[in-house]
Structure formats: C-alpha cells, structure tokens
Amino acid sequence: MKVHFFGTSAAVPTLRRGLPAVGFEREGELLLFDCGEGTQMALQRSPTKASRLAGVFISHMHGDHVMGLPGLLMSLQMASRTEPLVLAGTPGLQEFVTTNLRLVHVRLGYDLEFIEIREPSVVYRSEEYEVVADRLDHRVIALGFALSEYDRPGRFDLEAAEALGIPKGPLYGKLQRGEAVSLPDGRGIEPGQVVGEPRKGRKVAYVADTRPCEGSVRLAENADLLIHESTFEAGREEEAHAKGHSTVGDAVEIAKRGAARALALTHISSRYESVEPLVRQVKRQFSPSWIAEDGMVIELDREGDVLSVTGGRRRGARAGDPASAVVTGE
Ligand SMILES: [Zn+2]
C-alpha cells in the first residue's frame, strides 16, 4: 500500500506545499482524502494516476480541503471516465459539488455516489477493507478517516498437510477457509492443524484539522501509519487549539495513546519557511516519523511495516532505514 502526499500545506498554498490532499493506493485503486485546490496537478506530477480513483473523502467543508474537487471532476470527465465515483464527506458536500458543476454547465458522463456522513460509521466497504469515519474537533463538523483491511486467513502449511496425508484438491480449500474436513479414511482434520494464525490487516489513518480529541485516538488505534495534522510546532498549543488545530506535540501524543506504529505529520502552516524545528521535535519523540512533503510517498509492506519513503525533498535518509529519513523544508 502506498500513501501519496499530494498537498501538505494548511489554509494557503506556498510554492513548496499545495493544499491538503492525501492518497491511499492499494491493489491499483486510489482513495483520495481531501482535495485542496491544485490536487489534480499534484496527481499529475505523482507516480499514480487519477484514473485509479475510486473515492474521494472530504474531512470538512473548509475551502482549503475541498476547492480542488470541481476541477478534478471536470478533468475526469475530459478523460472520458465512465466508472462511478464515491464522494463522501460532511453535510454540504453534495450541494457544493452539484452547484459548482451546474453553474459552469458541466454534465458528467459518470455517476457520483454521494455519501453524507453525520455519525461515526463505516462509510465505504470493499471486499478486502473498509473505511471508517470518526468525529474530530474543529471549528466546523469535521471527520477523520481510517482504512482498515480485514484480517487475511493464515498461511497454509503444505508440508503439514502432506504429512497428515490430506489428498490435494478441494479439501485444501475448505481447510484454508476455516472448515473442518473428514478424510476418505475417516480421520477428521481441524483447520488449525494446517493453517496458521490469521494475518492482521493493515490500518492507515488520516486525521485532518482538529484539536486533540478522542476520535483521533480511536482512529490512531493500532494504525500502522497515522497521518496527523500538525499546523504548528510544539509549544504553540494555545494558539493551535484556539484555531481548532494541533501541534507536533499533540500529534505525537495521539500517536502514542493510539499505539500507532509510524507517524507522518502534514497540514503544515505556511509560516514555516523551514520545517527543521518541527522535524527535530517529532524525531525526538516518535520513531519512525516524518514531516510530510508534497510528492512524498510512504510504502507499507504486507505486514504494515514501512518499506520505503520516496519523493519530496528528503535528505539524510539511509537506504533500508526509513526511521532515519529526515524531511527538510529547504
Ligand atoms: Zn485545513
């Protein structure tokens, strides 16, 4: 699974940071979380493709998180998209999108499936994972999201199966699916004799604009990667909370309370020409961690471990040691 950072700024874009947008890509399918202005250009510069988009999830109806959506939808139309697209978010999203498209005389050749989210809930399901939304604490109704894969069946132990004399064929499939079977000679075999423990699905969480809150902790819980807003540096909690935001210190605390395994901070105030102080703060307190950059891609392996961190303007990273990757704002 790859996490693409398309835009990592807060409120206003800078020459180095676009407005908020993060993509989760797995098995050739892309889910977009927030869609700030300019997201479609960032998508074009990225190694993934807009044609892989299956859904867009909007954390809240503030312009910096949603203004990129009408343009992106129009470009998908120009690319002759026909597959439906899920648009999930807080109340107002549907009206925003349909009004925009109507006023500029756009008729899409594909369907939009709007999901208006009012309560913490599962908002999207595929065969292999679900996306849950939970309540954040911002100045307007705001949501965070987590993609959780379902656990996969354990590994089938061929040697054990052969040693037990289980004939190859449909019995293997039944055991793999967790069913007990009877052999032709009358012996019964339990799945646990040949199938290992279920393999845990991965979890990646996206916590957008918020003060520290319990919803963030629930989303962070056992996440392999937590993406958390960090508008300000640690020490500026009063200002951050008054504006409905978090600091580096807040994000670290949420990651620790949720026992997240890796932490990437995004939604960085445009006041930081250099993010070195933020990098130092987060590195001291949480490992592995990164201050995200536009164009950065974090790849997780099947076990949810960070496999690589590429893109952005990373410095100081040693191959094979993602924990050492230092992201600088210079
Ligand atoms: Zn924001």
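Order of appearance sets the numbers: ligands from 1, and atoms from 1 within every ligand.
Centred on the Zn ion (ligand 1), the angle running from Asp209 (OD2) to Asp64 (OD2) is recorded as 150°, rounding to 10°.
Of the charged side-chain nitrogens involved, none lies within less than 4.0 Å of a carboxylate oxygen, so that Arg211 and Glu253 do not count as a salt-bridged pair.
Only one option out of Glu29, Arg26, Glu27, Lys203 pairs with Tyr129 in a side chain to side chain donor-acceptor pair (under 3.5 Å); it is Glu29.
Restricting His267 to its N, O or S atoms, the one at the least distance from the Zn ion (ligand 1) is NE2.
In the hydrophobic cluster analysis, where Ile, Leu, Val, Met, Phe, Trp and Tyr join through side-chain heavy atoms closer than 4.5 angstrom, Val66 is grouped apart from Leu136.
Among the atoms of His62, no N, O or S atom is found under 2.8 Å from the Zn ion (ligand 1).
Ring geometry, His138 versus His60: the interplanar angle exceeds 60°, so the pair is classed perpendicular (tilted spans 30 to 60°).
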